Amino acid sequence: MSPKLIVVVGATGTQGGSVVDTFLKDPEWKVRGLTRNTSSASAEKLRTRGVEVVSANLGDPSSLVAAFAGADAIFSVTDFWGAFLDPANSSKPAPGQALVEWVYEYELQQGKNVLDAASQIPDLQRLVFSSLAHVSKWSRGKYTHVYHYDSKAMAVEYGRAAHPELWKKTSIIQLGYYLTNFLRMPQLVQITKDKEGVYNLASRLNPKTKLPMIATDEDTGLFVKALVDTEPGKNLITYREWMSLEEFIKVWSKVLGVKAKNVPFPDDFAWEGTPIELKRAIIEILAFCDEFGYQARDDPSVNHPKDLGIELKLGTVEEWIKKQDWSRFL
Ligand SMILES: NC(=O)c1ccc[n+]([C@@H]2O[C@H](COP(=O)([O-])OP(=O)(O)OC[C@H]3O[C@@H](n4cnc5c(N)ncnc54)[C@H](OP(=O)(O)O)[C@@H]3O)[C@@H](O)[C@H]2O)c1
């Protein structure tokens, strides 16, 4: 029997790259990876590993229909922050429109384009669509500036209403909190050393709030494969461990052999260089996690990994910490 085809949006990125890694290991599947630039070093690397690299742009519906042709499965992801931080987009908002509002519309349209294109692939068996919690809805209007969550959630609302046949073949994947945020996002958790030599991990988050912590590059593919192998209709929150900051700090200090504690986020944190909309989105999403849960715990459609009935070979947070280079903090 000839192998089945998975088409991977964002194949050169973190989520899509993980999906590529997982499916390349399975001889029952061949992999087509989409990128805007088929001659980049990342695209070339994918080709040498046996990926069919195809040009497509999430903003161009016809390129998606062509790239999805013949797919048995599709994984799709949209990238809010890439568009937000791209200087080419800074002049695009209409008069009176904030950039973040423009990117919301832009990412939502990209999600709709994926769903419209996937609905035109007759033999498609499964779409796995990367989304996040509908923050404005599940906070009942309290938090309305977390545009990078709501844009993805609104695309899901669109897909459910506009494409009922496609919806019978679709599962949603919600990526958990990237563990790499500890290394790359001081706006979320800041790591400093105090006079007594104790490491202070500062966050606005309540240290007891549990987060779905995920090693995105290692874990995403395993979850997507499970969603392809099981019945559709899932809305899966993904994580290797459901862990609070307090618990993370305990493991972190044990692995690194240092003393560490949680401290309140400094009022004088230098936000310079962080766009004001990003600051507001960060403050609101952390408050949302504290009050309503990262995945929106009131959303009855949310599934957890244990609900899949598939044993996933995930690592631990401790293993992830051991593999990272923390030298610039130490
Ligand atoms: N940080 C967190 O804790 C967290 C948690 C959950 C979800 N997220 C979400 O994760 C998303 C980013 O995913 P990621 O980490 O995989 O991103 P990434 O590593 O930055 O990769 C982005 C991918 O998207 C592709 N891409 C971007 N614009 C495109 C376009 N117009 N057409 C086609 N492809 C396009 C890029 O491909 P080319 O450049 O090769 O074209 C690249 O492969 C964001 O929307 C963010 O909100 C983040």
Side-chain angles (χ1 to χ4, degrees), residues 7-21 32-47 51 53-64 66-68 74-86 88-89 92 100 103-104 106-114 117 128-133 135 146-155 172-189 203 205 211-221 223-224 236-239 278 281-282 285-286 288-289 294-296:
V7 178
V8 180
V9 177
T12 58
T14 315
Q15 294 186 25
S18 177
V19 178
V20 168
D21 291 346
R32 180 182 297 158
L34 310 191
T35 174
R36 287 164 294 179
N37 180 4
T38 53
S39 47
S40 71
S42 317
E44 185 50 37
K45 211 163 153 189
L46 288 173
R47 255 191 302 270
V51 175
V53 176
V54 167
S55 171
N57 193 318
L58 288 163
D60 174 1
S62 61
S63 75
L64 292 175
F68 290 169
I74 297 170
F75 167 76
S76 99
V77 59
T78 49
D79 178 19
F80 187 96
W81 297 111
F84 181 76
L85 297 170
D86 182 351
N89 291 332
K92 299 211 173 136
V100 79
V103 180
Y104 167 90
Y106 176 84
E107 192 190 28
L108 171 55
Q109 187 58 52
Q110 290 188 338
K112 289 179 177 178
N113 292 344
V114 166
V128 179
F129 188 90
S130 184
S131 187
L132 285 168
V135 170
V146 188
Y147 292 98
H148 60 301
Y149 277 54
D150 282 358
S151 48
K152 295 174 180 69
M154 285 302 289
I172 306 304
I173 183 168
Q174 292 189 42
L175 265 287
Y177 183 90
Y178 287 20
L179 279 159
T180 49
N181 291 337
F182 285 102
L183 291 157
R184 297 184 194 150
M185 289 285 293
Q187 299 96 335
L188 291 170
V189 178
S203 172
L205 202 66
L211 289 178
M213 299 213 184
I214 184 161
T216 314
D217 57 341
E218 294 177 44
D219 304 344
T220 310
F223 287 115
V224 170
L236 183 70
I237 179 69
T238 58
Y239 51 93
L278 174 54
I282 287 171
I285 190 57
L286 295 179
F288 179 81
C289 290
Y294 179 100
Q295 79 288 15

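Predicted model only: the values in this text are computed from it and were never measured. Counting begins at 1 with the first residue of the sequence. Each ligand, and each atom within it, is numbered from 1 in the order the structure gives.
In this structure, the side chain of D150 does not engage the main chain of Y147 through any donor-acceptor pair within 3.5 Å.
The closest approach between any non-hydrogen atom of G176 and ligand 1 is below 4.0 Å. At least one heavy atom of Q110 lies less than 4.0 angstrom from ligand 1.
The CZ atom of R36 lies 6.5 Å from the CG atom of N57; values are rounded to the nearest 0.5 Å. Rounding to the nearest 0.5 Å places OG1 of T216 at 11.0 Å from OH of Y177. Taking CE of M213 as the start and CG of D219 as the end, the distance is 13.0 Å to the nearest 0.5 Å. Rounding to the nearest 0.5 Å gives a distance of 7.0 Å between CG of L58 and OG1 of T78.
The closest protein non-hydrogen atom to atom 14 (P) of ligand 1 is Y178 OH, 3.6 Å. Considering only non-hydrogen protein atoms, atom 39 (O) of ligand 1 sits nearest to R36 NH2, 2.8 Å. Looking only at heavy atoms of the protein, atom 47 (O) of ligand 1 is closest to K152 NZ, 2.9 Å. Residue, atom and distance of the protein heavy atom nearest to atom 11 (C) of ligand 1 are T78 O, 3.6 Å. The nearest heavy-atom contact from the protein to atom 31 (N) of ligand 1 is N57 OD1, 3.0 Å. Among protein heavy atoms, the minimum distance from atom 32 (N) of ligand 1 is reached at L58 N, 2.9 Å. Considering only non-hydrogen protein atoms, atom 16 (O) of ligand 1 sits nearest to Q15 N, 2.9 Å. Of all protein heavy atoms, the one closest to atom 23 (C) of ligand 1 is G10 CA, 3.9 Å.
When side chains are defined from C-beta on, E107 counts as touching F80, because their heavy atoms get closer than 4.5 Å. Here the side chains of Y104 and F84 are not in contact, with every heavy-atom distance at 4.5 Å or above. Two residues are said to be in side-chain contact when any heavy atoms from C-beta on lie closer than 4.5 Å; F75 and Q15 meet this criterion.
In terms of polar-atom proximity, T14 is counted as a contact of ligand 1, with an N or O under 3.5 Å from an N or O of the ligand. Among the atoms of Y177, none of the N or O lies under 3.5 angstrom from an N or O of ligand 1. Among the atoms of F80, some N or O lies under 3.5 angstrom from an N or O of ligand 1. Geometrically, ligand 1 and V9 share no nitrogen or oxygen pair separated by less than 3.5 Å.
Residue-ligand proximity, L132 to ligand 1, at heavy-atom distances under 4.0 Å covers atoms 6 (C), 7 (C). The distance from ligand 1 to the heavy atoms of A56 drops below 4.0 Å at these ligand atoms: 33 (C). Per-residue contacts place T12 under 4.0 angstrom from the following atoms of ligand 1 (heavy atoms of the residue considered): 36 (C), 37 (O), 38 (P), 40 (O), 42 (C), 43 (O). Residue E107 approaches ligand 1 through these ligand atoms, each under 4.0 Å from one of its heavy atoms: 45 (O). The contact set between ligand 1 and Y294, taken as ligand atoms under 4.0 Å from a residue heavy atom, comprises 5 (C), 6 (C).
Looking at every heavy atom in both residues, T38 comes nearest to V53 through CG2-CG1, 4.0 Å. Across all non-hydrogen atoms, the minimal contact from Y106 to A83 is CE2-CB, 3.5 Å. The two residues A56 and L64 make their nearest non-hydrogen contact at CB-CD2, 4.3 Å. Between T238 and P212 the shortest heavy-atom distance is O-CB, 3.9 Å.
Taking each of S63, A11, G13 in turn, the one with a heavy atom nearest to atom 21 (O) of ligand 1 proves to be G13.
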